Amino acid sequence: MAFYILRRILQAIPVFFGATLLIYFMVFAMPGDPIAALFGDRQPNPALLERLRAHYHLDEPFIVQYFYYIAGIFRGDFGISFSGQPVGEILARTFPVTLRLAIMSVAIAFVLAIVIGLFSALNKDGIFDNSMLVLALIFIALPIFVLAFLAQYFLAVQWGWFRPTVGGNNDWGDLWLPAIVLGVSVYATSMRLTRASTIETLGQDWVRTAYSKGLPRRRVIPVHVLRNSLIPMVTDLGTVFGILMVGATVTEGIFNVPGVGNTLYQAIIRGENPTVVSFVTVFVVVYVFINIIVDLIYGLLDPRIRYVSN
């Protein structure tokens, strides 16, 4: 296991450098002068422009700029935004908000996927199963902004169960409404995967053997069936968690959540290139780390999986 973890970490190193180099190129090699854009229609002093470009190393060749940036990352310095605020402070303020939102959303999706997917598989082609499949298709087809506005109108405005927006109040309890919207919007795919995997597992020889040995259903379903059916769902939810950590931009914007998605969108609009690059770099690290964790969970769910060196 230790060798497998080390190998995955080593594999992540070229992914990190390749992704950050590509992102840095896409952001800083775009046409236009981001420093001049900060002044809008005003004509800044040319000497001031040159000093600002030198301060941000924009007068250096592209590859030199990239090495300056990577060297700062390894020192824990994410740079300074064009507005003068350290990007690390922006990350420290917004990242925990999105982390809380992602954890709550994935937890909601996980519970819904297991409960509905398992009962649908155990009652295949029944009324409950068909109803849940139709409902899942509706949630898959429904755009997230439509679901968000519906939840905001009915659950917050009409019924008063939640606050319509989050704003500065972003503790766990304040994030329930956007978390429910995100959880419901992503659970459908995981539910269908759980249902299909459970149906397949129910037909396996070891399940029939467990029943033939006299094991009760309450023992067979959670231990022999559900545990072996969770791998596809874990893969899907692991990917979803990584996506949510990148920032559910639309949902954060609708509910005014001060997270990374909303902040990144505003940075793109303002042309804050250092903020955009640093945020995406952190997303790359988080996404790679989550994929390693998901691979390790496989071994916990299915003892037949062994991590060996090839």
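Predicted model, so just to flag it, every value in this text is computed and none were measured. All values below come from the heavy atoms of this structure, side chains included, with hydrogens, waters and symmetry mates left out.
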Please check this pair: side chain of Ser185 against backbone of Leu182, looking for a donor-acceptor N/O pair closer than 3.5 Å. yes

Please work out which of the three classes, parallel, tilted or perpendicular, describes the rings of Phe17 and Phe74, given edges at 30° and 60°. tilted

Test side-chain hydrogen bond (donor to acceptor under 3.5 Å, both in side chains) applied to Tyr69 and Thr20, step by step: CA-CA 10 Å; Tyr69 170 72; Thr20 53; over 6 Å; no

So, taking the atom named CZ in Phe110 and the one named CE in Met191, what distance separates them when rounded to the nearest 0.5 Å? 15.0 Å

Hey, are the side chains of Glu252 and Leu101 touching, using non-hydrogen atoms and a 4.5 Å cut-off? yes

Is a donor on one side and an acceptor on the other found under 3.5 Å between the side chain of Ser212 and the backbone of Thr209? yes

Closest non-hydrogen contact found for Ala121 with Ile199 is CB-CG1, 3.7 Å

Does atom CZ (Phe289) have a neighbourhood of more than 12 heavy atoms from anything else shown, all under 6.0 Å? no

Please answer whether the main-chain N or O of Tyr153 pairs with a side-chain N or O of Gln158 as donor and acceptor at a distance below 3.5 Å. no

Are side-chain heavy atoms of Pro258 and Thr263 found at a separation under 4.5 Å? no

Mind checking whether Leu177 and Arg163 have side chains closer than 4.5 Å, heavy atoms only? no

Take the angle between the ring planes of Tyr24 and Tyr66 and call it parallel below 30°, perpendicular above 60°, tilted in between. perpendicular

Distance (rounded to the nearest 0.5 Å) between Glu89 CD and Phe78 CZ: 12.5 Å

Determine whether more than 12 heavy atoms belonging to other residues, nucleotides or ligands lie under 6.0 Å from atom CZ of Arg219. no

Before you tell me yes or no, could you show the steps for Thr281 and Phe16 under side-chain contact (heavy atoms from CB on, under 4.5 Å), namely the whole-Å CA-CA distance, both residues' side-chain angles and the distance that decides it to 0.1 Å? CA-CA 8 Å; Thr281 298; Phe16 170 79; 3.7 Å; yes

Look up atom CD1 in Ile138 and atom CG in Leu133, then write down how far apart they are to the nearest 0.5 Å. 11.5 Å

With no hydrogens and no angle check, is any side-chain donor or acceptor of Thr94 less than 3.5 Å from a backbone partner on Ile90? yes

How far does CG of Leu150 sit from CG of Leu155, to the nearest 0.5 angstrom? 9.5 Å

Does Asp77 use its side chain to pair, donor to acceptor, with the backbone of Ile73 at less than 3.5 Å? no

What's the shortest heavy-atom distance between Pro178 and Ser105, and which atoms? O-OG, 4.5 Å

Hey, any chance Leu137 and Ile144 share a hydrophobic cluster, counting ILVMFWY side chains that come within less than 4.5 Å of each other, even indirectly? no

Heavy-atom check, side chain of Ile221 versus side chain of Thr198, under 4.5 Å: no

How are the rings of Phe128 and Phe119 set relative to one another: parallel (under 30°), tilted (30 to 60°) or perpendicular (over 60°)? perpendicular

Straight-line distance of Leu135 CG to Asn130 CG, nearest 0.5 Å: 12.5 Å

same_hphob_cluster(Val111, Leu193) at 4.5 Å side-chain heavy-atom cutoff: no

Side-chain heavy atoms under 4.5 angstrom apart, residues restricted to Ile, Leu, Val, Met, Phe, Trp, Tyr: same cluster for Ile108 and Val115? yes

Single-linkage hydrophobic cluster, 4.5 Å side-chain cutoff, Val276 and Phe25 together: yes

Does a sphere of radius 6.0 Å around CD1 in Ile127 hold more than 12 heavy atoms from other residues, nucleotides or ligands, not counting ones at 6.0 Å or beyond? no

Taking the side chain as every heavy atom from C-beta outward, state whether Leu215 and Val220 have any pair of such atoms under 4.5 Å apart. yes

Under 4.5 Å between any side-chain heavy atoms of Ser197 and Thr201, yes or no? yes

Side-chain heavy atoms of Val284 within contact of Ile23, under 4.5 Å: yes

Go through the steps to decide whether Ile116 and Tyr187 satisfy the test side-chain contact (heavy atoms from CB on, under 4.5 Å), and finish with yes or no. CA-CA 10 Å; Ile116 298 177; Tyr187 100 94; 3.9 Å; yes

To the nearest 0.5 angstrom, please state how far the CH2 atom of Trp172 sits from the CG atom of Asp174. 12.0 Å

side-chain contact (heavy atoms from CB on, under 4.5 Å) between Ile140 and Arg192: does it pass, once the steps are laid out? CA-CA 11 Å; Ile140 291 174; Arg192 288 164 61 90; 3.9 Å; yes

Less than 4.5 Å apart, side chain to side chain, heavy atoms only: is that true for Phe162 and Ile180? yes

Please state whether the rings of Phe283 and Phe279 are parallel, tilted or perpendicular, taking 30° and 60° as the class boundaries. perpendicular

Check step by step if side-chain contact (heavy atoms from CB on, under 4.5 Å) holds for Arg195 and Asp129. CA-CA 9 Å; Arg195 174 186 177 275; Asp129 181 34; 2.7 Å; yes

hydrophobic_cluster_shared for Phe255 and Val146, side chain cutoff 4.5 Å: yes

